[in-house]
Amino acid sequence: MSAWNAAWRERALPELAAREWDLIVIGGGISGAGILREAARRGWKCLLLEQRDFAWGTSSRSSKMVHGGLRYIAKGQFGLTRDSVRERQRLLAEAPGLVDPLSFIMAHYRGAFPGPKVFGGVLALYDALAGKRNHLFHSLQQLRYLAPGLKEDGLLGGTRFFDAVTDDARLVMRVLGEARGEGGEALNGIEVVELLREEGRVVGLLGEDRESGQRLRFRARAVAQATGAWAGRFRQDDDVRIRPLRGSHLLLPAWRLPVAHAFSFLHDQDRRPVFVFPWEGATVVGTTDLDHAESLDREARISADEADYLLAACAQQFPGARIAAADVLSTWAGVRPVVCAAGSTLKPSDEKREHLLWVEPGCVTLAGGKLTTFRLLALEVLRACAGFVGRELDDRGAAVFRPQPAQPMPALSPAQQRRLAG
Ligand SMILES: Cc1cc2nc3c(=O)[nH]c(=O)nc-3n(C[C@H](O)[C@H](O)[C@H](O)COP(=O)(O)OP(=O)(O)OC[C@H]3O[C@@H](n4cnc5c(N)ncnc54)[C@H](O)[C@@H]3O)c2cc1C
């Protein structure tokens, strides 16, 4: 594999623009990286173009969970939950140190939803979909030991279950690395400004190098748009629209709110689920869910109201910690490309998180989806592109991540070695 740096980029750019590609992927988030990876494994000549830096979009601003999404069960989206928990199990097995188990606790309070029985029932279904029993009820005494600092008033006990957590930006970089290892190419700093059409078919695109301002034409048999919240940019559909919804997070120093587990609870203000979880040596509180009206070309950021909402969540669940705005180390906000019917009047949290593909001759556009299910989405996109490329698409369920050669590093602790391998 050649070096992948600025010098390589400058040298390779004209040559890459001159090639005839089977597939060009627009967007260097997890969806684009997954599509490139699955195409490269099949020997497709494929190139990915990202306007900013890889994972610049939502794929570095998510809640970092690799999960089935318990709330999808509540909405009756069993297929989405089943696919997600199976992908979670696959990623845990393939990428230890990058995708790791995370213990969750749902505390139960007298007279409050969800009670232990209802929640245990939902988790039994969740576990059945994953094919693995993964939850346990803890008495009040055990819970106080596991989770000191929880609101005590009416506390009955808690249910512990497992999902998984990752670093979303690192996940994107590893998937891109795997794609490059099998012949895929990826360039950042190239903004696609136009799709090129001939006789009603997309045959390539016009890209602008954000470093030099130079415009380059790229030709491909198929173009896959994996541009997340930007999916509507090159096409308009009368029946559906992309509803950009923003979710924001607070990052707190771990010593101010030390948690050994992720806590999931319903916010008193609107009964939306909120998480408090340990991540990279700090504590994360998230998320909000509201319409994002600002330009997508500016980095999304938390509003003062959202920060207050998340601080209120801390006060609700961990009153003794007295977390205040001055404790916040940093924040991040991501924009979810939620697909909805034109003119939808649903509350943001009630929109279904399904994804959608638009297919036109020579071009497939993906909108929506999840970090967790990137492999399945990639296969769906490639299936839709295969006819344009003149290929068949088989899926033998091959691993996304090739096994790493074992490199004993005795100077590092087992935890450091695991992380490095990840
Ligand atoms: C707040 C929040 C929390 C979330 N938490 C989770 C979670 O815990 N677990 C989970 O599984 N999922 C989660 N999700 C969903 C998940 O993060 C997204 O579905 C996923 O990251 C979307 O990836 P993507 O590659 O489709 O889009 P993005 O990551 O946004 O990537 C699209 C890329 O396209 C590029 N692009 C756009 N236009 C152009 C152009 N013209 N030319 C070149 N490049 C272009 C952008 O710069 C961007 O990098 C969350 C989402 C949000 C908003």
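Indexing begins at 1, ligand by ligand and atom by atom, following the structure's order. Quick note: residue numbers are just sequence positions, from 1.
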Closest protein heavy atom (residue, atom, distance) for atom 17 (O) of ligand 1:
Ser62 CB, 3.3 Å

Point-to-point distance, once rounded to the nearest 0.5 Å, from OG of Ser59 to CE of Met173:
12.0 Å

So, taking the atom named CG in Leu123 and the one named CE in Met106, what distance separates them when rounded to the nearest 0.5 Å?
8.5 Å

Polar contact flag for Gly369 and ligand 1 (N/O pairs, less than 3.5 Å):
yes

Would you say Thr58 has any N or O atom under 3.5 Å from an N or O of ligand 1, going by distance alone?
yes

Quick one: which ligand 1 atoms are inside 4.0 Å of a heavy atom on Thr227?
32 (C), 34 (O), 36 (N), 37 (C), 38 (N), 39 (C), 45 (C)

Would you say the ring centroid of His267 lies under 6.0 angstrom from that of Tyr309?
yes

Heteroatom proximity flag, Met65 to ligand 1, N/O under 3.5 Å
yes

Could you tabulate the donor-acceptor pairs under 3.5 Å formed by side-chain atoms of residues 377-385, not counting sequence neighbours?
from	atom 1	to	atom 2	distance (Å)
Glu380	OE1	His355	NE2	3.0
Glu380	OE2	His355	NE2	3.1

Identify, by atom number and element, the atoms of ligand 1 in contact range of Glu191, meaning under 4.0 Å from any of its heavy atoms.
42 (N)

Return the closest protein heavy atom for atom 14 (N) of ligand 1 as residue, atom name and distance.
Arg336 NH1, 3.8 Å

Is the ring centre of Trp4 less than 6.0 Å from the ring centre of Phe54?
yes

re atom 23 (O) of ligand 1, the protein heavy-atom contact at minimum distance is Ser59 OG, 3.1 Å

Please verify the inter-ring angle class for Trp56 with Trp230; under 30° counts as parallel, over 60° as perpendicular, anything in between as tilted.
tilted

Please write down residue, atom name and distance for the protein heavy atom closest to atom 33 (C) of ligand 1.
Glu50 OE1, 3.5 Å

Taking the cut-offs as 6.0 angstrom to the six-membered ring centre and 45 degrees off its axis, would you call Arg88 and Phe374 a cation-pi pair?
no

Considering the heavy atoms of His67, write down every atom of ligand 1 situated less than 4.0 Å from one of them.
7 (C), 9 (N)

Side chains of Ile26 and Leu195 in contact at under 4.5 Å (non-hydrogen atoms)
yes

Atom 42 (N) of ligand 1 has as its nearest protein heavy atom Val192 N, 3.0 Å

State whether Asp291 and Arg243 are salt-bridged, where the test is any N-O pair (Lys NZ or Arg NE/NH1/NH2 against Asp/Glu carboxylate O) under 4.0 Å.
yes

For residues His108 and Thr159, is any side-chain donor paired with an opposing acceptor at under 3.5 Å?
yes

Look at the rings of Phe265 and Phe318 and say which category their plane angle falls in: under 30° parallel, 30 to 60° tilted, over 60° perpendicular.
perpendicular

Any heavy atom of Arg246 sitting closer than 4.0 Å to ligand 1?
no

What is the nearest protein non-hydrogen atom to atom 11 (O) of ligand 1, stated with its residue, atom name and distance?
Thr372 OG1, 2.7 Å

Within reach of ligand 1, part of Leu366 (heavy-atom separation under 4.0 Å):
neither

Closest to atom 10 (C) of ligand 1 (heavy atoms only, candidates Leu377, Val193, Ile26, Leu371) is Leu371

Could you tell me the residue and atom name of the protein heavy atom closest to atom 5 (N) of ligand 1, and the distance to it rounded to 0.1 Å?
Ser63 N, 3.0 Å

Atom indices of ligand 1, in the order listed, that fall short of 4.0 Å to a heavy atom of Gly334
53 (C)

Please report which non-hydrogen protein atom sits nearest to atom 24 (P) of ligand 1, along with the residue it belongs to and the distance in Å to one decimal place.
Ser31 OG, 3.3 Å

Tell me, please, whether Trp21 has Arg217 positioned over its six-membered ring: NZ or CZ under 6.0 Å from the ring centre and within 45 degrees of its axis?
no

Looking at ligand 1, does any of its N/O atoms fall within less than 3.5 Å of an N/O of His249?
no

Mind checking what makes ring pair (Phe, Tyr, Trp, His ring centres under 6.0 Å) contact with His67, not counting sequence neighbours?
none

Determine whether any heavy atom of Ala226 lies closer than 4.0 Å to an atom of ligand 1.
yes

Could you tell me whether Asp53 and ligand 1 have an N or O pair separated by under 3.5 Å?
no

Ligand 1 to Arg233, heavy atom cutoff 4.0 Å, flagged ligand atoms 41 (N)

